[in-house]
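Since the structure comes first, as structure tokens, the remarks are kept for the end.
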Amino acid sequence: MNSILNSLNDFISSKSMREYAKKEWNAILWVALITITVLLLEKVFKLFRLWSKARKIPGPPCNFFFGHGNLSSRENFIDLLSESHDKYGSVFKLWLGPTQLLVSIKDPTLIKEMLLKAEDKLPFIGKAFRLAFGRSSLFFCSYDQAQKRRESLALELNNKMLGKANAIPKNVVDCIMERVDAIMSKGSVECKLVSQHMAFTILGTMLFGDMFLAWSKATFYEELLMMIAKDASFWASYRVTPFWKRGFWRYQSLCTKLKCLTLDIAQQCGKNYRLFCHTDQNSHIGTEKVGIKGVSGAPPSSSVEMQHKFFSQELDGHGNAREEPCGNIMGVMFHGCIATASLIGSILEKLITDVEIQDKIYSEIMKVKKGSVKEDQNIQKMLLLLATIYESARLLPAGPLLQRCSLKDDLILKNGVVIPAGAVLVVPAQLLQMDDSSWGSDASKFNPYRFLSKAGKDSDLVQDTSHTEEAVGPIQGSFILNDPNDNAAFLPFGSGMRACVGQKFVIHGVATLFASLLECYEVRLHPQLGNDPKSTTGPEIVFVRRNV
């Protein structure tokens, strides 16, 4: 009898347990269903909000659900932007997809306002950067996260430039020209490749000091850096990281090798590094103090000291826990190399096509050096050289588009246009910097004299190239150099919160490089291989040593 009662009790208890478990499972399912429904409704609400606000922005109609289908190449895209701006005005929209809105702005005043308000980078760019170099506090998508390190780097670069007579020491120029001579012994030099090498050497020496010039792995490091950066966008285009692809793991292996090489050179140039390493948890405040000293005239820090101040937290393990070692270093090397190489390549192309300007710059260099008293004033007196650098940057910016994003807040422009948060904001820099309304009727022509004006008449620009003989006289004080940033349409280094932190350093450094280069060499187009229309590396050039 007892056994029967026990069996009955077990049955009842097991049944009640099953009922309880069933109710509990149903409750979990209901909670999950409600949560998913709320999330989906929130996304739908945001989508309708995006569509409703975007309706007020002019732009071409999109008949295809997945956006405009004629954006397959850069040329098509730039042409589309040009045609659309002519048709719809200074601000217009394009739908890249049902949730991807692109807004292009061409009016210089609106661009300046937008670049000040839109502080963030596109999430896709951040994803590509993390795949290639790891996490970095310099290149976070959110500006709030990157602000402190960007300000620190800007101060360090400006201190280094202001405190030195020459931003690029003679031994760096000698190292560059040794490699150029080695390549020249085999024939001509590809403009794009030699520009990249020059930029890479300049940036490497700035970060790591003279030790970088003797580093046996520098050439391999340069090739690996560019290869990894080039493929980053491809792998970042996957919505889900493609762990199942062998090619992805080969790419990750290359990234690991690049990080190891970065650590290798960083440790080599800082063998006595820990002897003067005093890590501060709030490093940017200390750097600001160094920056104030440098501007007031105190001696600047050396290359190794600069690397120490800016990267010490990272290499010593005191950096942001979310960062990977050397991410900042590789990011600075890559971005700096791209911008500097583009500028150097543009200058070389302009010099070989306008030999007269090259000869006048050479005359200016020699006159300044013969009559100079203070070495640190040499570059500032080479006004035609600096104007040529500005004009080359104007005609061929590092990228045809500036891209920004406001991840949290809508942007309200002065003209009343409201741009929804998360929209891709682009500035067609290539079109803007060749626009007749901003640069005159000769906007598409190379004319460095547009950045020179007669002394005492800031607005009296030298637009007519027939005055070239007279315009070489800026050394005698008859002309002054205009600040290119006074023109809102001058954007080769960006503007606003995300502007290039090394703009002054790059301009001064490139000017120093060309002052030394043109003093010893003439740059000429290769007579047989110079203008190959199928070439992807630019014209073939030759460096001819001057008889001095």
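Please read all numbers here as calculations on a predicted model, not as lab measurements. When reading the values below, keep in mind they use all heavy atoms of this one structure, side chains included, and skip hydrogens, waters and symmetry mates.
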Looking at side-chain heavy atoms only, is the closest gap between [X] and [Y] below 4.5 Å?
X      : Y      : value
Cys337 : Glu222 : no
Ile57  : Tyr88  : no
Arg498 : Leu115 : no
Leu348 : Ile344 : yes
Ser84  : Ser104 : no

For Lys127, does the NZ atom have more than 12 heavy-atom neighbours from other residues, nucleotides or ligands under 6.0 Å away?
-> yes
Anything under 30° is parallel, anything over 60° is perpendicular, the rest tilted; go ahead and classify Phe129 against His335.
-> parallel
So, does [X] use its side chain to make a donor-acceptor pair with the main chain of [Y] at under 3.5 Å?
X      : Y      : value
Ser237 : Phe234 : yes
Thr512 : His508 : yes
Gln196 : Ala341 : no

Evaluate side-chain contact (heavy atoms from CB on, under 4.5 Å) for Leu101 paired with Trp95, printing each intermediate quantity in order.
-> CA-CA 5 Å; Leu101 175 66; Trp95 283 106; 3.9 Å; yes
If you measure from OG1 on Thr388 to NZ on Lys350, what distance do you get to the nearest 0.5 Å?
-> 11.5 Å
